[in-house]
Amino acid sequence: MNTHLTVYNSLKREKETFSTIHEGFVGMYVCGPTVYNDVHLGNCRTFVSFDIIYRYLLHLGYKVRYVRNITDVGHLLDDGEDRMLKGAKADQLEPMEVAQKYTLGFHHMMRIFNTLSPSIEPRATGHIPEQIEMVQQILDNGYGYEANGSVYFDTTTFAEKTGEYGKLSGRIIEELQAESRVLKNQDEKRHPSDFAIWMKASSEHIMKWNSPWSVGFPGWHLECSAMSTKYLGKQFDIHGGGNDLKFPHHENEIAQNVGSCGCQPARYWLHTNMLLLNGKKMSKSDGNTISPTELFIGDSNHITRAYSPMVVKFFMLQCHYRSTLDLTDEALQAADKGYRRLMEALKKLKTMKATSDNGSMDAEVDGLLETMYTDMNDDFSTPKALATIFELVTRINTMADAGPEAGMISVTCLDRLKKTLHVMLFEVFGLLDEGEADGQGQAVHGLMHLILELRQAARTNKDWPTSDKIRDGLAALKIQVKDGKDGSNWSFQ
RNA sequence: GGUCUCGUGGCCGAGCGGCUAGGCAGAGGUCUGCAAAACCUCGUACAGCGGUUCGAAUCCGCUCGAGACCUCCA
């Protein structure tokens, strides 16, 4: 198996061979959601992407510590109001109730998308001492200054001494300093490009903590620096997040890490691209959005019908994580069909038999399985891997049609095909076969088997009216009957 | 205004200098009692205009168009 993994590093703007700091171990930090609101689909795309990256690394045999934070304090809006407080006011709740409510909602959605839980999911409010400590280190190192109880990061000094500011996002410090935007507490900053690492709280502010500088709260960017350092060390392998976090969030995060510890936090920075809705970025704040739930129940004027979670996930997999993905009704319909075709082929594969020791298609199948890994090793290219998998789907259908006596695949190759495909689709991509239900589903399978037997009897007797009545009746129940060479099959439409 | 990304056949979406993915839709065929499913065959697409090269969707320049970031966002 080809295990030469390359990843696109945003920091270098090129693909690099992936190698770890500690042999066999991967430390990965991904910026999680701010829990003041229901998750939307864009968040889901990012976390699904990193889930597949996490799963693939595990599959390659790495021991991965995957840290994804929950932001429950510190995001300031334009008017200086805290996001969490805004959410609290809107729902008439304690800030912690807001955080709890939306954290649970987020976890629920992540389960629906069948993603694995991160190894550690730290909360910003649970790491105030660590953040205070980091502010102190930054001050000690001369990269911060205090003003009226708030502490700011001194980007100018930092840029002069290290030359590190702006590298990730391609910003030029002089241009950032020329920014003339008027923001709250702008007068306390020495330069517009400076940013708060500790904010003094006003009297009405609910979430606040004691610190050497004031009763206040940490800056937004600080939590990630502090928590990644705590759980993954000063230097770790992968840092991920959405493209829209590159600046200022990740740029400032790097500044804080370098400013406090003296080194770049992550070797590889991975950024997922945005999910668009009908050509425009989906965003919580501007209303151009469709929620996962709306998508699943078909309740939105952007779509004509409902799409299941796995269809949506499959739709996401057809596009590379670094490309924008445009969500349209038409594209979802195509994904729906493609996903079903894939699952049907897998079903066929389950019952497929091989008799020969040497299959005429063995080499081709093995070649495609190998290609599938090459695809994934190319910066986790799920679209390429999926294309290769569909090449396999065609082969599977051909072999199933021909039957075992055709000698197309050997026992060992078939076994390999089954296992490898199963691993890639269910363990790495984290797809679920939604047709495979348990409990009631078992009964349905039994009933369908019985019904198809009765229909087969009618067909043997050339009793076409009965045969067609069964088929049409099932079709009305959205069950499609598929007649093949050796008997009939069925699936939900 | 600044920084950056992108523009691929009816739709979505790979492609990173020669071997021209894949899905959906469409056409023809095989199979079938009919239909569906499945399989086989088919589309010579790369925004436009120049340039580099033996050769460009792929590199360079310009034009047009779209999007992202620059301010909270995954």
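Just so it is clear: chains get the letters A, B, ... in the order the sequence lines come, proteins before strands, and each one is counted from 1.
- Atom C1' of B/rA25 sits at a distance of 16 Å from the matching atom of B/rA45, rounded to the whole Å.
- The nearest whole Å value for the distance from the NE2 atom in A/H250 to the P atom in B/rC70 is 13 Å.
- As the counterpart of B/rA25, no nucleotide is assigned, since no Watson-Crick or G-U wobble pattern has both distances under 3.5 Å.
- Contacts of A/E391 with the nucleic acid, taken as non-hydrogen atoms under 4.0 Å apart, involve only primed sugar atoms and P, OP1 or OP2.
- In plain terms, the two heavy atoms of A/G241 and A/H250 that are nearest each other are CA-CE1, 4.0 Å.
- Atom NE2 in A/H249 sits about 12 Å away from atom C1' in B/rC72, given to the nearest Å.
- A/K200 and A/S150 make their closest contact through N-OG, 3.0 Å (heavy atoms, listed as atom of the first residue, atom of the second, distance).
- Taking atom CZ of residue A/R459 and atom C1' of nucleotide B/rC34, one finds them 10 Å apart after rounding to whole Å.
- Taking the C1' atom of each, B/rC16 and B/rC24 are spaced 27 Å apart, rounded to whole Å.
- Here A/F47 does not count as stacked on B/rA74, because the ring centres are not under 5.5 angstrom apart with planes under 30°.
- Put simply, A/K337 has a side-chain N or O that comes within less than 4.0 Å of OP1 or OP2 on B/rA25.
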Return the polar atom pairs (N/O with N/O) between nucleotides 37-41 of chain B and the protein under 3.5 Å, or none.
| residue | atom | partner | partner atom | Å |
| --- | --- | --- | --- | --- |
| B/rA38 | O3' | A/N397 | ND2 | 2.9 |
| B/rA38 | O2' | A/D401 | OD1 | 3.4 |
| B/rA38 | O2' | A/D401 | OD2 | 2.8 |
| B/rC39 | OP1 | A/R341 | NH2 | 3.2 |
| B/rC39 | OP1 | A/N397 | ND2 | 2.6 |
| B/rC39 | O3' | A/T398 | OG1 | 3.4 |

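- Taking a pair to require two hydrogen-bonding distances under 3.5 Å in either a Watson-Crick or a G-U wobble arrangement, B/rA38 pairs with B/rU30.
- Figure legend: cation-pi geometry between A/R171 and A/F247, with NZ or CZ positioned under 6.0 Å from the six-membered ring centre and within 45° of its axis.
- Taking the six-membered ring for Trp and thresholds of 30 and 60 degrees, A/F380 and A/Y56 have ring planes more than 60 degrees apart, a perpendicular arrangement.
- At a cut-off of 3.5 angstrom, counting only N and O atoms as typed in the model, there is no donor on one side facing an acceptor on the other between the side-chain of A/R471 and the base of B/rA36.
- Residue A/H239 holds its NE2 atom at 10.5 Å from CG of A/L270, rounded to the nearest 0.5 Å.
- The residue A/G241 sits close only to the backbone: its heavy atoms come under 4.0 Å of sugar-phosphate atoms, none of a base.
- Note: CG (A/N243) to P (B/rC6) measures 12 Å, nearest angstrom.
- Distance noted for atom P between B/rG13 and B/rC70: 23 Å (whole Å).
- Going from the P atom of B/rC11 to that of B/rG51 covers 30 Å, rounded to whole Å.
- The aromatic ring centroids of A/W490 and A/H449 lie 6.0 Å or more from each other.
- With B/rC69, B/rG23, B/rG33 as the candidates, the nucleotide lying closest to the side chain of A/F390 is B/rG23.
- Going from the P atom of B/rA57 to that of B/rG9 covers 14 Å, rounded to whole Å.
- With a cut-off of 3.5 Å on both Watson-Crick or G-U wobble distances, the partner of B/rG17 is given as none.
- Nearest heavy atom pair, residue A/P309 against residue A/F296, reads CA-CE2, 3.4 Å.
- Comparing B/rG55 with B/rG65, their P atoms are spaced 32 Å from each other, to the whole Å.
- Atoms CG (A/L368) and P (B/rA21) sit 14 Å apart, rounded to a whole Å.
- Pair assignment for B/rU71: none, as no Watson-Crick or G-U wobble contacts are both less than 3.5 Å.
- The distance from atom CG of A/L327 to atom CD1 of A/I303, rounded to the nearest 0.5 Å, is 8.0 Å.
- Nearer to the 5' terminus of RNA chain B, by closest-nucleotide assignment, is the contact made by A/F314 (compared with the other of A/T272 and A/F314).
- B/rG23 atom C1' lies 18 Å from atom CE of A/M310, rounded to whole Å.
- Across A/N397 and A/K348, no two heavy atoms sit closer than the pair OD1-NZ, 2.7 Å.
- A 3.5 Å limit on both hydrogen-bonding distances identifies B/rG7 as the Watson-Crick or G-U partner of B/rC64.
- Mapping A/L245 and A/G170 onto RNA chain B by nearest heavy atom places A/G170 closer to the 5' end of the strand.
- Taking atom CZ of residue A/F247 and atom P of nucleotide B/rC69, one finds them 13 Å apart after rounding to whole Å.
- For the P atom pair drawn from B/rA27 and B/rA35, the interatomic distance equals 15 Å after rounding to whole Å.
- Residues A/R340 and A/F492 share a closest heavy-atom pair of NH1-O, 3.3 Å.
- The distance from atom CD of A/Q456 to atom C1' of B/rU32 is 12 Å, rounded to the nearest whole Å.
- Aromatic ring centroids of A/F113 and A/F47 lie 6.0 Å or more apart.
- Contacts classified as side-chain hydrogen bond (donor to acceptor under 3.5 Å, both in side chains) and involving residues 106-118 of chain A (residues at least two apart or in different chains) are given here: A/H107-A/E121.
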Contact letters for nucleotides 9-16 of chain B, in which S counts primed atoms plus P, OP1 and OP2 and B counts the base, heavy atoms under 4.0 Å: --SSSS-B
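- Rounded to a whole angstrom, the distance from the P atom of B/rU30 to that of B/rU20 is 29 Å.
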